[in-house]
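Input: a single structure, listed below in structure tokens.
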Amino acid sequence: MRESMDYTILIGGKAGQGLQTIGGVLARLFSRMGYHVFSHQDYMSRIRGGHNFYQLRFSDKEVSSSKKKAHIIVALDLTTIELHKEDLEENGIIIFDAQSVKQTFTGQEYLNVPFDKIAVENGGDKIMSNTAAIGAVLGMLRLEMTLLEEIIHTNLKKKGNDIINKNILTAKAGYQYAINECTQCSFAVSMPGKNGNMLIDTSQAVGLGSIMSGCKFYCGYPMTPSTAVMNYIGSKAQEYSIVVEQTEDEISSINMALGASYGGVRSMTGSSGGGFALMTEGVSLAGMMELPVVITLAQRPGPATGLPTRTEQGDLLFVLHSGHGEFPRVVFAPGNPEQGLYLTNKAFDLAEKYQIPAFIITDQYIADAQWTYESLDTNNLVYNDYRLRSSEGEEAESAYKRYSFSEGAVSPLAVPGDSKRLVVLDSDEHDEDGHMIEDAEMRTKMMQKRLFQKLPLIQQEIEAPFYFGGEKPDIVVTGWGSTYGIIKDAVMSLSKTQNIAMLHFSQIYPLPLYEHFDYLKILSEARITICVENNATGQFAYLMRAETGYKFTHNINHFDGRPFLLESLTGEINECIERL
Amino acid sequence: MNALSDYKGQEPAWCPGCGNFPILETLKTALFELGMESHQFTIVSGIGQAAKLPHYLKCNTFNGLHGRALPPATGMRLVNHEMPVIVTSGDGDCYGEGGNHLIHAIRRNINVTLLVHDNQIYGLTKGQASPTTTEGVVTKTQPFGANASELNPISLAIGLDCSFVARGYAADSVFLKSIIKEAITHKGFALVDILQPCVTFNKLNTYSWYKERVYHLDETYNPYDRAEAFKLAIKPPDKIPTGIIYKNNKLTFEERISILKESPLVKQGFSLKTTLKELDTFY
Ligand SMILES: Cc1ncc(C[n+]2csc(CCOP(=O)(O)OP(=O)(O)O)c2C)c(N)n1
Ligand SMILES: [Mg+2]
């Protein structure tokens, strides 16, 4: 059997050099050609300079993680060559423009492509040097140019035909240059021969999920890496009639989102790190008022402002406990865009069904990472309006009690102004009408209703974790949220030689019931169980221990602000196996 | 049509003689005279003695967090701009804990009526200095006197070109009612700073202290002149003008959002089907 094709391209340079454009166009191109693509970004917290890179992997089989080693490195600056030349695969090639990096390199693995000169000669402007680079990469891979021309047409539609034609000429010249000069290029690219795939990142998927769930109000305050969701929803706000507001701070965001929810629509807010920390009193308010709200947290490394543009899974326990007092919530952590779409929809559904705050937690790595799909399933998306609405004031106002005990755990939530029902919400403990009280008996009854009566209902909604492996695995690698793809790729490759399985949680809290799938049994019977987390203290392992009493035999924790890469994770899993 | 007694809510838990009582009664009368029935408007409040008001007046109520009344009021208006929204707040709630929201609510010009029960003290927490406490006033928490100079909400609001800025006095019910009615019907953000004696914790700004200083602005005063209004606002407080000090007719926040032109957001339907085409944009 032929080894499947699996190439990695790394584009490195300074902020502002357009490496995202090059990476983005290539990723789109490969997915349209029908390849599977996975990309991730590594950038510094600055607008100009520094060292950033965009890494993409494309293959004729599914890929869901990044590798350390690259086959093609597009170096837009000298630092990229210095930092990444060790990461070059055997027979890999670094392309660079000797004139612009002001140094030249010789040897099989280097190819000097005069991006600037090609751009000036064919497009009349150095600004098109990135187009020359894209053309050169295609030439090195001996892929066809037609789709690139199409993409240039769509991307530059607003700029007019002259610019489009100049870019096409430049791309073609870069392409031809690589065909002629890269005699050492030996990449064997298969034609996928299928329809094009969609290319989507998890921020877009969460934004899309909220639009598809009938979200009508989004507010937030800019903070990397959460802003992408707000930008996505903002770009669709006119078309789908959504109010998107940038608030004065995150405290305002959560309170405004709750005001919107009170007004009768589905609302959402989101932030990262310290911005979410500011929201926590409002999270508690949602719990007390029993107001639906969806909150997305795109994690970044802390404490404090931490590593602003980097990645970590360091806020799981914080989210679980955010907000003073005791109240129910659900916490989801999608592991890819597909789960992002589905779980955002589910978060909106459960938030409104049970009148609780629902969380979607991502992190910089998974928020930015792009995946390809032939299509995304929308049959599992739901929209139910759980609110008590009416257009005529058919009922006497005194008959409605916002926190009525008569309907069990969930009291009907009316919409102020659409009937004579008065909707009274209070942040203090209250009676059925919503008015402040202090007596012990009412307090106890309200806690029973709000917390204990809801919890078992919510728990029934939580689905089994993702499991991949045999019935009696020796080794189980467990993760949550953003590590889904990397664990899957690692376990797949190790399963050739080991009896190894993967267990992944994306519906994290409440933890799934064993009756859906007995993950505790699988774990207890395995010889080696490893919990992989992108944090220092093993927060999910802690949660498992606290909730189930189960302790993993091994933990793999990274807290350097960088995502896991396939070679290193596979190596670390192997070490755990050998250590035993 | 309704009766004044229809607005009666829970029994107030304020101190006897509290300046909040006349404010509550005046607000009820104003609403009654404007023909606004209980289910037709919403009162949003934060935390404090003043912020308890919506429990004492039958209405749609969002009694949220300390300092955070304006954000939910804004959220409510953006979702349903046919719903009149009144915020009742204290000087600590609104000028202290929630100061940032005040600045930005004024900038947005969201069509909300903000009534600040300004007793120049923290009432609920038993008598600490508030942003409007007179410099030098001694409290349990400020035994050497409040060291910061007092905030002037009127000049602050005029400085921000707030759409409607007024000052009233709790014990001057008839005049206060006319101000509140104008504030509610004004299109745009309306701030009414209401001087409110606190009989328990504020021994300086008493009923008699206010009585000596408060006067009405007469018909000759032009509230559309911002520079004049500012001059008036920064005059030394030996005489305190009450009435509408400044107003303008700028566009409201709601009016500037085009998707709200046809109907309030809450009345716009949703169908999952119409969104399915979004998937195509990712190919
Ligand atoms: C976040 C937060 N901080 C502090 C408090 C305690 N607290 C409640 S009301 C209040 C101040 C009340 O003063 P003001 O807003 O002037 O209202 P008043 O009682 O004078 O009407 C304080 C400090 C709180 N409830 N929440
Ligand atoms: Mg006060």
Side-chain angles (χ1 to χ4, degrees), chain A residues 31-32 196-200 204 208 211-214 216-217 219 236-238 240-243 245 247-249 251-253 255-265 267 281-282 285 289 375-376 378 381 383 393 397 415-428 434-436, chain B residues 9-10 13 37-42 44 46-47 52 54-55 58-80 82-83 98 100-101 103-105 107-108 257-260 262 264-268 270-272 274-276 278-283:
Chain A
S31 63
R32 271 210 198 153
N197 284 328
M198 55 190 295
L199 179 76
I200 184 167
Q204 291 170 324
L208 181 66
I211 292 170
M212 297 182 98
S213 304
K216 286 276 155 198
F217 189 89
C219 60
K236 306 287 172 185
Q238 198 69 26
Y240 294 104
S241 203
I242 302 166
V243 169
E245 175 61 0
T247 56
E248 56 275 20
D249 57 35
I251 301 176
S252 179
S253 299
N255 283 283
M256 201 180 283
L258 289 173
S261 179
Y262 174 58
V265 305
S267 76
E281 193 191 16
L285 181 65
M289 287 186 157
S375 65
L376 284 174
T378 52
L381 303 183
Y383 179 74
E397 58 200 81
V415 175
D418 83 344
S419 73
K420 286 203 165 178
R421 298 184 187 101
L422 293 183
V423 189
V424 179
L425 308 188
D426 190 11
S427 70
D428 276 19
H435 292 300
M436 303 183 246
Chain B
Q10 310 281 107
E37 293 183 46
S38 284
H39 64 282
Q40 292 169 328
F41 63 93
T42 298
V44 179
I47 297 291
K52 291 179 182 170
H55 294 283
K58 264 205 182 134
C59 61
N60 289 301
T61 300
F62 186 110
N63 180 187
L65 299 172
H66 184 48
R68 315 300 168 199
L70 288 171
T74 304
M76 171 55 127
R77 283 290 304 173
L78 290 174
V79 161
N80 187 357
E82 287 172 355
M83 167 69 77
N100 196 27
H101 308 311
I103 292 173
H104 297 282
R107 278 185 55 232
R108 286 190 185 97
I257 299 174
S258 63
I259 56 169
L260 302 180
E262 297 292 312
L265 209 53
V266 68
K267 292 190 181 157
Q268 300 180 17
F270 171 73
S271 122
L272 178 56
T274 61
T275 64
L276 291 177
E278 261 333 291
L279 289 167
D280 300 337
T281 64
F282 292 96
Y283 284 92

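Quick note: numbers below take in every heavy atom, side chains included, and nothing from hydrogens, waters or symmetry partners.
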Under 4.5 Å to a heavy atom of chain A? For B:Asn80 that would be side chain

Go through the atoms of B:Met83 and report whether side chain, backbone, both or neither lie under 4.5 Å from a heavy atom of chain A. side chain

Evaluate side chain to side chain contact (heavy atoms under 4.5 Å, CB included) for B:His101 paired with A:Asp249, printing each intermediate quantity in order. CA-CA 9 Å; B:His101 308 311; A:Asp249 57 35; 3.4 Å; yes

Over all heavy atoms of both residues, which pair between A:Asn255 and B:Pro71 is shortest? Give the atoms and the distance, please. CB-CB, 3.7 Å

Sort A:Met436 into side chain, backbone, both or neither according to what part of it lies under 4.5 angstrom from a heavy atom of chain B. both

Which of the residues A:Ser31, A:Pro416, A:Ala257, A:Gly264 is involved in the greatest number of heavy-atom pairs with chain B at under 4.5 angstrom? A:Pro416

If I measure from the heavy atoms of chain A, does B:Gln10 come under 4.5 Å with its side chain, its backbone, both, or neither? side chain

Please determine whether side chain to side chain contact (heavy atoms under 4.5 Å, CB included) holds for the pair A:Leu258 and B:Phe62, giving the CA-CA distance in whole Å, both sets of side-chain angles, and the decisive distance to 0.1 Å. CA-CA 10 Å; A:Leu258 289 173; B:Phe62 186 110; 4.3 Å; yes

Measuring from atom CD of A:Glu248 to atom CG of B:Leu70, what distance do you get when rounded to the nearest 0.5 angstrom? 8.5 Å

Identify which part of A:Ser253 has an atom lying under 4.5 Å from any heavy atom of chain B, answering side chain, backbone, both or neither. neither

Between A:Asp426 and B:Asn63, what is the shortest heavy-atom contact and its length? OD1-OD1, 3.0 Å

So do B:Leu260 and A:Val243 actually touch side chain to side chain, heavy atoms under 4.5 Å? yes

Side chain, backbone, both or neither: which part of B:Ile47 has a heavy atom under 4.5 Å from chain A? side chain

To the closest 0.5 Å, what do you measure between CG (B:Asn100) and OG1 (A:Thr247)? 9.5 Å

CD (B:Glu37) and NZ (A:Lys420) are apart, to the nearest 0.5 Å, by 5.0 Å

Give, as side chain, backbone, both or neither, the part of B:His55 having an atom under 4.5 angstrom from any heavy atom of chain A. both

To the closest 0.5 Å, what do you measure between NZ (B:Lys58) and CG (A:Leu422)? 7.5 Å

Toward chain A, the part of B:Leu276 with a non-hydrogen atom under 4.5 Å: both

Using a 4.5 Å cut-off on heavy atoms from C-beta on, say whether the side chain of A:Tyr262 contacts that of B:Val79. no

Would you name the heavy atoms of A:Ser241 and B:Leu265 that are closest together and state the gap between them? O-CD1, 3.5 Å

For chain B, which of A:Glu245, A:Gln238, A:Gln204 has the most heavy-atom pairs under 4.5 Å? A:Glu245

Please flag which part of B:Arg108 lies under 4.5 Å from any non-hydrogen atom of chain A: side chain, backbone, both or neither. side chain

At their closest point, which heavy atom of A:Ile242 faces which heavy atom of B:Ile259, and how far apart are they? O-CD1, 3.3 Å

Distance-minimising heavy-atom pair for A:Leu285 and B:Leu65: CD2-CG, 3.8 Å

So, do A:Leu208 and B:Phe282 sit near enough that their side-chain heavy atoms are less than 4.5 Å apart? yes

Note, A:Met212 side chain near B:Glu278 side chain (heavy atom, < 4.5 Å): no

With chain A, the option among B:Ala73, B:Ala69, B:Gly64, B:Pro54 that has the most non-hydrogen atom pairs under 4.5 Å is B:Gly64

Turns out that what part of B:Lys267 lies under 4.5 Å from chain A's heavy atoms comes down to neither

